[in-house]
Enquirer: 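Below is one structure. I have some questions about it.
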Amino acid sequence: MAWLTLNRKNTVGKNGKRARELLYAEIPAYFTWDGTNKQWKKRSRGFSLGRINYVPRKMEDEYYLRVLLNIFRGPTSFDDIKTFNGVVYQSYKEACFARGILDDDQVFIDGLIEANSLARPEQVWLKTCHLLSEDIETKKREEYNNPELTLTEAQIINYIFQEIEMIMLFNGGTLKDIAHLPQPSREDIDNSNRLIVDEMRYDRVYLEEKHVEWVQMLTTEQRSIYDEITGAVFKDLDAAAVRSRGQVVLNVASSGIASLLLEGGRTAHSRFAIPLNPDEYSVCKIKPKSDLAKLIKEASLIIWDEAPMMSKFCFESLDKILSDIMKNRDNKVFGGKVVVFGGDFRQVLPVINGAGRAEIVMSSLNALYLWDHCKVLKLTKNMRLLSDKLSVDEAKDIQKISDWLLAVGDGRINEPNDGEAVIDIPEELLITEAENPVAAICKEIYGDPTEMHKNNDPKFFQKRPILAPTNDDVNPINHYMLQHLQGEERIYLSADSIDPTDSDSLNNPVITLDFLNNIKLSGLPHHALRLKIGLPVMLLRNIDPKGGLCNGTRLQITQLANHIVEAKVITGDKSGDIVLILSINLTPSDTKLPFKMRRR
Ligand SMILES: Nc1ncnc2c1ncn2[C@@H]1O[C@H](COP(=O)(O)OP(=O)(O)OP(=O)(O)O)[C@@H](O)[C@H]1O
């Protein structure tokens, strides 16, 4: 009560700090408690740390009040604490839900309702189901070659759902997974292996034409590699050619963003069900008689791009499962399949927490027990320099940088060296005058930050990333950019909890909510996520790789709602698409924490 009174008067405390600027726990640092008059008074000297007593979760009202006290500044009444966006909630718990800071399905429910109000698919479905039915009768008349055919309403609805089911099956889903939706009769639905059908859905005529065109463009170097690979698969076919003849090629990449560049590309982890943190005993989780096993058995060629960034255990798991699926009695590597790994060892190698150089090298692709069976084919010509869109000067500049990068990558700088050398960065790549380094980098890349919001060119952000070596460097840059970018801002607070699978820690009174909120881990966003409309952001999770939303996709924020963020894709072939991003549960798998936490 005394705190609320202090806020009502907005009393000035030590160092001129106003009561309303402070959290409940910060009050003792600026005010002292006058026990006789039961009120807070301005602190004249000294310092005191505030603390809010622990409350067990079963004392519901007090528990949620404590959660709110940790984030709420300057309330003047208890109703004020229960208020969010102008609505006074019945309880502290509901106020917490409304703020999206509790780990409960209510967040998802509200998110979906909100998506609906933004005119998203659910609403579209309700509005368009009668439109979808319009041409079903005509379509079926043609299909059955019966111009007199008349369908009942139930038949029409059934056909619509059958069509939807077909589309969902092609995309790896099924209506069976969606509760409360009518289910179609499954008589006419093709039960063949969807994964194989999907891989054979390529436009063979188009591929045949492209194949002729692309082969003509190949350089001598590329041609010899092309011949080598196609020679291994069939006598005279390549990937497009293999597909154009109705064979299966599995295109995978180590990262989601690299997979987007491949036709029909998937991440290697998702395509081959490779465990997330594989070790020497790991095997891909594929059941021998499953559709996926049959698809892999069918494959004539597997292409794996950016392979050097994966741990060798991923390739070992693939070797073991291929051997199993192919019933490999001759002990051929990868079950006798042709596997093409693409990549550059100068680029990113496997990322292993806390590992040194030796450990990283030992877990790389070329430390694989099968490496001796791999044939190394080299592409040395920089094709980017031959682009006809480049002027002579631009090509010269790129040539210079690319030669220098190659020298760094090959360890040819400051020779002799033992792998560690001082590298002189060319003068023209440096920003030499900077009082505030972060401000100087941001200005160099994005121009005057206060003018940035006026820039409507979608390519502006697409072409301008700032790369930082560590997360510690990322934070000040993000902070600076957010501070200077104009636009409506929102702070999203995460809902943190102990993962239900860690039953030992679930009731541990020491692990309080505010303790979880303060945890900062790499790969996990901070508890408070600041966003602004117009802000360029990068997605760090593979949410929908097929739809272009994966780790590395760059987006620009367009709307900020309570539980959902609307953004425009600014990179890749989905560029320009508007997407909705809902909060999702993240459980860091590899942490030094003695308990398993979840953040949403
Ligand atoms: N024979 C060719 N004729 C014309 N353009 C080509 C040819 N080969 C490659 N290119 C072009 O060169 C560019 C670079 O090719 P690509 O992205 O395949 O290289 P990469 O080695 O995979 O690059 P990274 O190291 O980033 O993975 C692309 O724009 C590609 O279209």
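Nothing here was measured: the structure is a model prediction, and the numbers come from that model. Only heavy atoms go into these numbers, but all of them, side chains included; no hydrogens, no water, no symmetry mates. Both ligands and their constituent atoms are indexed starting at 1 by order of listing.
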Enquirer: Among all protein heavy atoms in this structure, tell me which lies nearest to atom 5 (N) of ligand 1, with the distance rounded to 0.1 Å.
Expert: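 I find the closest protein heavy atom is Met383 CE, 4.2 Å.
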
Enquirer: In Å, rounded to the nearest 0.5 Å, how long is the span from CE of Met326 to CD1 of Ile296?
Expert: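 Met326 atom CE to Ile296 atom CD1 measures 10.5 Å (nearest 0.5 Å).
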
Enquirer: Considering all protein heavy atoms, does one lie under 4.0 Å from atom 2 (C) of ligand 1?
Expert: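 There is a protein heavy atom less than 4.0 Å from atom 2 (C) of ligand 1.
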
Enquirer: Donor-acceptor pair, Arg599 side chain versus Pro525 backbone, under 3.5 Å?
Expert: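 Yes, Arg599 side chain to Pro525 backbone: donor-acceptor pair under 3.5 Å.
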
Enquirer: Answer yes when Lys375 and Glu228 have at least one side-chain N-carboxylate O distance shorter than 4.0 Å, and no when they do not.
Expert: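 Yes, this pair counts.
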
Enquirer: Looking at atom 31 (O) of ligand 1, would you say a protein heavy atom lies below 4.0 Å from it?
Expert: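 No; the ligand atom in question lacks any protein heavy-atom contact below 4.0 Å.
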
Enquirer: Could you please spell out the steps behind the salt bridge (Lys or Arg N to Asp or Glu O under 4.0 Å) verdict for Lys400 and Glu428?
Expert: CA-CA 11 Å; Lys400 211 165 133 193; Glu428 64 269 24; 3.2 Å; yes

Enquirer: Is atom 15 (O) of ligand 1 in close reach of the protein, with a heavy atom under 4.0 Å away?
Expert: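 Under the 4.0 Å cut-off, atom 15 (O) of ligand 1 has no protein heavy-atom neighbours at all.
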
Enquirer: Got a salt bridge between Asp410 and Arg346, using NZ or NE/NH1/NH2 to carboxylate O under 4.0 Å?
Expert: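 Looking at Asp410 and Arg346, the cut-off is met.
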
Enquirer: Measuring to protein heavy atoms, does anything land under 4.0 Å from atom 18 (O) of ligand 1?
Expert: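 There is no protein heavy atom less than 4.0 Å from atom 18 (O) of ligand 1.
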
Enquirer: Please write down residue, atom name and distance for the protein heavy atom closest to atom 20 (P) of ligand 1.
Expert: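 In this structure, atom 20 (P) of ligand 1 has Arg384 NH2, 4.6 Å as its nearest protein heavy atom.
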
Enquirer: Under 4.0 angstrom from atom 9 (C) of ligand 1, is there any protein heavy atom?
Expert: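 For atom 9 (C) of ligand 1 the answer is yes, since some protein heavy atom falls inside 4.0 Å.
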
Enquirer: How far apart are the closest heavy atoms of Tyr446 and Phe460, and which atoms are they?
Expert: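 Closest pair (atom of Tyr446, atom of Phe460, distance): O-CZ, 3.6 Å.
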
Enquirer: Any protein heavy atom at under 4.0 Å, with atom 23 (O) of ligand 1 as the reference point?
Expert: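 There is a protein heavy atom less than 4.0 Å from atom 23 (O) of ligand 1.
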
Enquirer: Tell me the protein heavy atom at minimum distance from atom 4 (C) of ligand 1, and give that distance in Å.
Expert: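 For atom 4 (C) of ligand 1, the nearest protein heavy atom comes out as Met217 CE, 3.6 Å.
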
Enquirer: Using a strict cut-off of less than 4.0 Å between a Lys/Arg side-chain nitrogen and an Asp/Glu carboxylate oxygen, indicate whether Asp324 and Lys320 qualify as a salt bridge.
Expert: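 No, no charged N to carboxylate O under 4.0 Å.
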
Enquirer: Considering only heavy atoms, which of Glu306, Gln216, Gln347 lies nearest to atom 27 (O) of ligand 1?
Expert: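 Nearest heavy atom to atom 27 (O) of ligand 1 lies in Glu306.
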
Enquirer: Taking all heavy atoms of Ala421 and all of Ile413, pick out the closest pair and write down the distance.
Expert: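 Heavy atoms only, the tightest pair is CB-O, 3.8 Å.
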
Enquirer: Which of the atoms of ligand 1 are close to Gln222, meaning less than 4.0 Å from one of its heavy atoms?
Expert: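 Those qualifying, in numeric order: 1 (N), 2 (C), 7 (C), 8 (N), 9 (C).
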
